[in-house]
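Heads up: numbering here begins at 1 and tracks the sequence.
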Amino acid sequence: MLTSEDGFAVLNYEYYPSGFAHRGWQLGVSAGLRREDEGGSFGDNGDTKTAPAAMVSVGYKF
């Protein structure tokens, strides 16, 4: 799955060892890039930083 919105793009993969239609564990990884505008309470500095984004997820489907 590829999602993108104002400032980030992430690729996500989820694995279901018992199959998607069955109960069991879910394992996932996500990786991508995020953009962040630097600003304060009173204005925008105009600087934009791009940094990597990563996530690991573990869950159980009932």
Side-chain angles (χ1 to χ4, degrees):
M1 169 170 71
L2 180 65
T3 59
S4 125
E5 188 172 316
D6 217 275
F8 69 92
V10 176
L11 183 62
N12 181 32
Y13 179 77
E14 294 185 3
Y15 176 65
Y16 296 84
S18 300
F20 182 76
H22 300 95
R23 293 179 176 192
W25 291 100
Q26 169 269 328
L27 309 168
V29 293
S30 300
L33 294 173
R34 63 183 173 89
R35 289 184 50 178
E36 185 176 358
D37 294 329
E38 290 186 7
S41 300
F42 300 105
D44 184 11
N45 292 347
D47 297 331
T48 302
K49 290 195 280 185
T50 301
M55 183 179 79
V56 175
S57 64
V58 177
Y60 189 85
K61 181 179 175 184
F62 294 93

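A 4.5 Å side-chain heavy-atom check between Phe20 and Lys61 finds at least one atom pair inside the cut-off.
With rounding to the nearest 0.5 angstrom, the CD atom of Gln26 is 4.5 Å from the CD atom of Glu14.
Remark: aromatic rings of Tyr60 and Phe62 are close, center separation under 6.0 Å.
The two atoms that bring Asn12 and Ser30 nearest to each other are OD1-OG, 2.9 Å, heavy atoms only. Annotation for Ser18 and Gly24: closest pair OG-CA, 4.2 Å, computed over non-hydrogen atoms. Closest of all the heavy-atom pairs between Gly59 and Trp25 is O-CE3, 3.1 Å.
Tyr15 and Met55 are not part of a single hydrophobic cluster, where members link through side-chain heavy atoms under 4.5 Å apart.
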